[in-house]
Number of protein chains: 2
Amino acid sequence: MTTTLQDCRALDAQDPLAPLRAHFTLPPGVIYLDGNSLGVAPKATAARVADVVTREWGTDLIQSWNTASWFDLPQRLGNQLAPLIGAGQNEVVCTDSTSINLYKVLSAALNIARKDSPARRRIVSERSNFPTDLYIAEGLCKERGLELVLVEPEDIAAALTTDVAALMLTHVNYRTGAMHDMAAITAAAHAQGILCVWDLAHSAGAVPVDLNGAGADFSIGCGYKYLNGGPGAPAFVWVHPRHASRFWQPLSGWWGHAAPFAFTPDYQPAPGITRYLCGTQPIISLSALQCGLDVFTAAEALGGMAALRTKSLALTDLFIQLVEERCAGHGLGLATPREHARRGSQVCLTREYGPHAPPLRGSLPPKGAVTALGRPVAGDSGAYAIVQALIARGVIGDFRKGDGGNGPHKDILRFGFTPLYIGFEDVWNAVEHLRQILDTAQWQRPEFNRQHAVT
Amino acid sequence: MTTTLQDCRALDAQDPLAPLRAHFTLPPGVIYLDGNSLGVAPKATAARVADVVTREWGTDLIQSWNTASWFDLPQRLGNQLAPLIGAGQNEVVCTDSTSINLYKVLSAALNIARKDSPARRRIVSERSNFPTDLYIAEGLCKERGLELVLVEPEDIAAALTTDVAALMLTHVNYRTGAMHDMAAITAAAHAQGILCVWDLAHSAGAVPVDLNGAGADFSIGCGYKYLNGGPGAPAFVWVHPRHASRFWQPLSGWWGHAAPFAFTPDYQPAPGITRYLCGTQPIISLSALQCGLDVFTAAEALGGMAALRTKSLALTDLFIQLVEERCAGHGLGLATPREHARRGSQVCLTREYGPHAPPLRGSLPPKGAVTALGRPVAGDSGAYAIVQALIARGVIGDFRKGDGGNGPHKDILRFGFTPLYIGFEDVWNAVEHLRQILDTAQWQRPEFNRQHAVT
């Protein structure tokens, strides 16, 4: 039995989380399926930021370090975030960028793992991990004479040998939306004496995470995706209490000092997660992050992350179903796992490129396609042009080029589904736009723009 | 001939930079002499930040990475800042925190200096350098098995031996306001094959700096003091072009990649200063920094940094003169050099503590003083209580505890003079408040608060 627009509207009408949408600014005419790249603005943020600029900074000036508690904002936000990721109180701080926090925890992981086992000379990660994670690991390996080993997801288990110091994985893959079993992989790593570093960039606020339940060692993540903290919002870092006070992280700045205002020339790290702070934080951006976290606090009364997960899976199930029902015959594949336990909160469609690119309506025979500029190029997947046509209609997803390397030659059309503000009718409309674009070969016409498109 | 209030008003009337004050939000009843800790808010910032939140983020969402040029904001702000510090175009980026930028450049300096001279195992710095700089250096030394040597300012020259890799100094001392001769010290270090890292936290926007003219190697600095970028504003980093492309800095994140959107698994550093970027930046805070820099751009037409320096010296000269004329007999000393070439844009007064603490009106005989809570404690300098009494009157300076170590036992009353928004009558009034507090022993009465104090 096929699903109809009326069915989708009925699902929205029954959605217990629907009131959360009112917490956000959603531009008119836009179906925003890119919250996995940059979350939308909470309505509260503009006023909060204005207050920080005009009152806390403008009027109260340096006194706000105390009166507005600027100084412990990283810890306060960390405590607010903690329940979303299965962390305890005083185990998380919001600070710096994801890349920098990864450098801190990966350094600490290497120090701890190699202290008694210097033969552990490897970091294992996934080849399709988000590149900046690989760059940071590569830099550390270069600095310390270690080796970064990159494997495919199915080869992770076999790579966990006793010469490995740390396993560094992103919980939900940024390209495919595939989710790892954090508890099982952590246990397998620990069985070999390997420490686990989890990047939650596409998990925090998107799927329930239980860092302590999984026995994870270190974790970092991003404030500007599902947490809706604003462009480039400060990131977060969590360290299991069994490790948090064991080593200095190398970015040992004054905010991580045991007595930051004693101004002593020697560094004495603060106990616990506070030593993972470094320098003075960008207070305006950090304050904006709080508004994103406040929506999750409000969501607690409606079922919290468990309810958000239920809705997220319903949204992504529906999107997959509708694409397969209504966009069949256009050579679209599915990169995201169908199995719920292995899926994050995004769906990635594929179009193959190269000599085996499937036909696409409007493309040049036999395998010609067009670039974004409308010029025919044989073997182009057409995926970029389709995403551009969707954006022109107000359906914001994004395009990821196939890696052209060892993986399959597939370009990716990526769609994030944030259950805080995306509804079932949005899913229907997004697929309907996609269907129209494919059926009428509108993806060939870059001049087609948003003003004609909002329906 | 003593200076009068009328003289100060005449100086303000003749001040060519006086119009710049209108660019800032100054709370009524406040004389803000703490711009060396946190600069005041430019009037333009609130609207700029609101636009970033509501339009760039709220409405345009991810498109703003391109349409609002978020992605190259670190470079654009760096180029705007460059003339203030004697840097060329495309030599500076605004990013991350001062501590993190120091880690980047100090790592690079060590790599370069030690590449052909592994016997260079020392970093030399000043014992009274800002502690976070020392902590970062200490961490790097610990990590690499090197030695951090801390000396007094007068011993720097003797410490520049051929086993030193890098000399790391803050150009203007945060406690005393004493300024180093950057060109002379850099030349002395280079003569021994030592690279120089200059922290401009209390220099950028405060005094003219000529990094290229001095032949400096690396520099970092702060956005939230004299640059008025907002609380915890992103910092900056400059690397001389002769070094910029030579080594990876260790925080090798995707924003420093030669092709950040190619998402290749291998790190390829961008040419030049761009490789000193790491992760995604806090765009709201970074945008606010631009408003601070815009005031310096506006100041160009009024004579720029040279005119600001002339006024800064006139303000600090006047403050010293008035304190000595009007507050004599209260045991106040001067930590800041009288010589213009050695003075930054702040003045630090001292009060000795311990058994030789000079008498202070209202203190217990023979050497009793009081704590901030008004309880008599023999040997207290009284400096903290004096600063609190000034703050209660709306004169915002700050207190720095004497180090109690090798240096003289002197507490510091610190006053920053930002010529962008401080005038000569402000200086008169600040000293008049100080005089009243000392003459009437009001520093003994913590209940004295601002509402009684604005005169």
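Here is how names work: the chains are called A, B, and so on, in the same order as the sequence lines, proteins then strands, and each is numbered from 1.
Of the residues considered (Ala262(B), Ser107(B), Pro42(B), Gly232(B)), Gly232(B) shows the highest number of contacts with chain A, using heavy-atom pairs under 4.5 Å. Heavy-atom pairs under 4.5 Å with chain B were tallied for Trp65(A), Phe130(A), Phe24(A); the largest tally goes to Phe130(A). The residue among Gly139(A), Gly229(A), Pro282(A), Gly223(A) with the most heavy atom pairs within less than 4.5 Å of chain B is Pro282(A). Ranking Leu102(A), Asp266(A), Thr98(A) against chain B, the residue ahead of the rest is Asp266(A), based on heavy-atom pairs under 4.5 Å. Ranked by non-hydrogen atom pairs under 4.5 Å with chain A, the options Leu251(B), Leu134(B), Thr25(B) are led by Leu251(B). Most heavy-atom pairs under 4.5 Å with chain A: of the set Arg144(B), Gln268(B), Lys142(B), Glu56(B), this distinction falls to Lys142(B). Counting heavy-atom pairs under 4.5 Å between each of Ala233(B), Ala46(B), Gly230(B), Pro234(B) and chain A puts Gly230(B) at the top. Your options are Ser285(A), Gly39(A), Gly256(A), Gly279(A), and the one with the most heavy-atom pairs under 4.5 Å with chain B is Ser285(A).
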Test side-chain contact (heavy atoms from CB on, under 4.5 Å) on Tyr103(B) and Tyr103(A); report intermediate values, then the result. CA-CA 12 Å; Tyr103(B) 187 83; Tyr103(A) 187 84; 2.7 Å; yes

When you look at Trp255(B) and Thr132(A), which way does the side-chain contact (heavy atoms from CB on, under 4.5 Å) test go after all the steps? CA-CA 8 Å; Trp255(B) 273 38; Thr132(A) 204; over 6 Å; no

Any chance you could lay out the side-chain contact (heavy atoms from CB on, under 4.5 Å) test for Asp34(B) and Leu61(A), step after step, and finish with the verdict? CA-CA 9 Å; Asp34(B) 217 355; Leu61(A) 286 158; over 6 Å; no

Under the side-chain contact (heavy atoms from CB on, under 4.5 Å) criterion, do Cys278(A) and Ile100(B) qualify, and how do the steps go? CA-CA 7 Å; Cys278(A) 181; Ile100(B) 284 171; 3.8 Å; yes

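Using a 4.5 Å cut-off between heavy atoms, Glu143(B) touches chain A through its side chain atoms alone. Tyr174(B) touches chain A through its side chain: at least one heavy atom from C-beta onward sits under 4.5 Å away, while N, CA, C and O do not. Heavy atoms closer than 4.5 Å to chain A are found nowhere in Ser125(B), neither backbone nor side chain. With a threshold of 4.5 angstrom between heavy atoms, Tyr224(A) approaches chain B through side-chain atoms but not through N, CA, C or O. Heavy-atom distances place the side chain of Leu150(B), and not its backbone, under 4.5 Å from chain A. Interface remark: Ser128(A) contributes no atoms to any contact with chain B (heavy atom separation under 4.5 Å).
Checking side-chain atoms of Glu138(B) against main-chain N and O of Tyr267(A) turns up a donor-acceptor pair under 3.5 Å. Using a distance-only test at 3.5 Å, with no hydrogens or angles considered, no donor-acceptor pair links the side chain of Ser97(A) to the main chain of Thr280(B). When atom types are taken as modelled, the side chain of Ser99(A) and the backbone of Gly253(B) share no donor-acceptor pair closer than 3.5 angstrom.
Residues Thr45(A) and Trp57(B) approach most closely at CG2-CZ3, 3.7 Å, considering heavy atoms. Nearest heavy atoms, Ile62(A) versus Tyr32(B): CG2-OH, 3.4 Å.
Heavy-atom neighbours of chain A within the stretch residues 47-55 of chain B, taken at a separation under 4.5 angstrom, comprise Val49(B), Val53(B), Thr54(B).
When each of Trp254(B), Phe261(B), Phe263(B) is checked for a side-chain contact (heavy atoms from CB on, under 4.5 Å) with Pro131(A), only Phe263(B) meets the rule.
A 4.5 Å side-chain heavy-atom check between Trp70(B) and Leu38(A) finds at least one atom pair inside the cut-off.
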